[in-house]
Number of protein chains: 2
Amino acid sequence: MRSKHYATKLRQLILEYLMQDASRTVTAKDIYEHLAAHDASISRTTIYRYLDKLVREGRLLKNSTDGGKTACYLYEHEPDCGHHLHLRCGQCGKVTHLDCQEAENFIQHVLQEHDFTLHCGSFILYGVCHACKMQQALSQG
Amino acid sequence: MRSKHYATKLRQLILEYLMQDASRTVTAKDIYEHLAAHDASISRTTIYRYLDKLVREGRLLKNSTDGGKTACYLYEHEPDCGHHLHLRCGQCGKVTHLDCQEAENFIQHVLQEHDFTLHCGSFILYGVCHACKMQQALSQG
DNA sequence: TTGCGTGCAAAGGTTTTGCATGGCA
DNA sequence: TGCCATGCAAAACCTTTGCACGCAA
C-alpha cells in the first residue's frame, strides 16, 4: 500500500535516526537537531511531511508527549499497526514493548466486550519506569 | 493537598462546565466558547491557568486529542487519579469509563510485572466506538 | 519528462509569560 | 491588608500551507 516514492538522502537519514533506537520516541525537533548536528541541513517542513507520510503508511506511531502539544513518533519494526502496546517512561524516555499475553487480552477485551477499536495513536502509554521510580525515591531522601 | 484558593464566579462556571458531562473531553477552546456563549467574558489566560491548577490537584485528566497539538481535559469525579481507564471515541467524542475487571487486571499487571506506574494522562485511550464504526461502514456502502 | 521531494516564507493555532489591576477573605 | 485571580498584549512554540524550484527514475 506504499505510494510511489524516491530514495533521497534526507529521507534515508531521517529513517536511520528513527530506526536506530526503537526504545525511544522522537519529536520533529529531535530529528531537526540530530541532522543539524551531522551537518545535514534540512527544513522542518520536510521533516513534518515525511513523518506524516510514514504515519500514513503505518510505519510510525504518532502520539503526544505527556503534557500534550508536541507530537512524538515511534518507529514500528513490525508494522502491524495496532497489535501491541508500549509503555513510555516520561523521565528517561525509554519505551517498553508490551508483547505479553495480558496486553493482548486487554486489547481483545476492549474490542470484543466494549466494541471499541483502539486508534494506533493510543498504543503508547505514559508513566514512570522502575529505575526512575527508584531514583526518585532516593533523591527524596 | 489543595492549595489555598478563592471562590470566584469564573472558576465556578468553568468547573460546572467541566463537571456537567463526564462523558466528553473538553478543550480550552470549548470552555472559552461556552462561557462566551453565556455572556461571561473571560480571557484564555485565565482558563489555562485554572486548568493547570486543576490538573495539578488531580481533579482533571490532561491529554491530547488523537493528533496531538491541542490538549483536552476530562473531569474525574472520583479523584483517585489512576484507578480506571477511559475509552474516547475520536469521532463522536464520547468517553466510556472502563470500570471492568479486565482493565483493573491490566493496570495491575503493568504495575506488578513490568514495574511501571501509569501516568494519569494515559488513562484515556483513543479509538472508534461501535456506533461510529457502524455509521462509517454504512456511509462507505 | 513526470511527478515526487524540498525549501522558504508566511500563516494558523495553541499555550505561556510579564506586568499591572482587580477582588476574595 | 495579603494573597490570589484576572486581563491584556506579546512572545514562544509547534505545525501547516502555498508556491517555486530541484531532483530521482
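None of these values were measured; they are calculated from a predicted model.
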Straight-line distance of A:Y73 OH to A:I47 CD1, nearest 0.5 Å: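 That separation rounds to 10.0 Å.
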- prompt: Distance only, no hydrogens: is a donor on one side chain within 3.5 Å (strictly under) of an acceptor on the other, for A:Q12 and A:E16?
  reply: yes
query: Does the cation-pi check pass for B:R88 over B:Y126, that is, NZ or CZ under 6.0 Å from the six-membered ring centre and within 45° of its axis?
result: no
Nearest whole Å is fine: how far is [N] [atom2] from [X] [atom1]?
{"X": "A:L10", "N": "C:dC4", "atom1": "CG", "atom2": "P", "result": "18 Å"}
{"X": "A:I14", "N": "C:dT6", "atom1": "CD1", "atom2": "C1'", "result": "11 Å"}
{"X": "B:K53", "N": "D:dA5", "atom1": "NZ", "atom2": "C1'", "result": "10 Å"}
{"X": "B:R56", "N": "C:dT16", "atom1": "CZ", "atom2": "C1'", "result": "13 Å"}
{"X": "A:L13", "N": "C:dG5", "atom1": "CG", "atom2": "P", "result": "16 Å"}
{"X": "B:Y6", "N": "C:dC24", "atom1": "OH", "atom2": "C1'", "result": "6 Å"}
{"X": "A:D52", "N": "D:dT15", "atom1": "CG", "atom2": "P", "result": "10 Å"}
{"X": "A:R11", "N": "D:dC23", "atom1": "CZ", "atom2": "P", "result": "15 Å"}

- prompt: Between B:T8 and D:dT6, does any side-chain N or O lie under 4.0 Å from OP1 or OP2?
  reply: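 Checking B:T8 against D:dT6: at least one side-chain N or O falls below 4.0 Å of OP1 or OP2.
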task: Could you tell me whether the phosphate oxygens of D:dC14, OP1 or OP2, come under 4.0 Å of any side-chain nitrogen or oxygen in A:T27?
output: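 The answer is no; no side-chain N or O of A:T27 sits under 4.0 Å from OP1 or OP2.
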message: Give the residues of residues 32-50 of chain B touching DNA chain D, defined as any heavy atom closer than 4.0 Å, sorted by residue number.
response: B:S41, B:I42, B:S43, B:T45, B:T46, B:R49
Any donor-acceptor pair under 3.5 Å from B:D30 side chain to B:T27 backbone: yes
field: A:K133 atom NZ, over 12 foreign heavy atoms within 6.0 Å
entry: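 Enclosed: over 12 neighbouring heavy atoms sit under 6.0 Å from NZ of A:K133.
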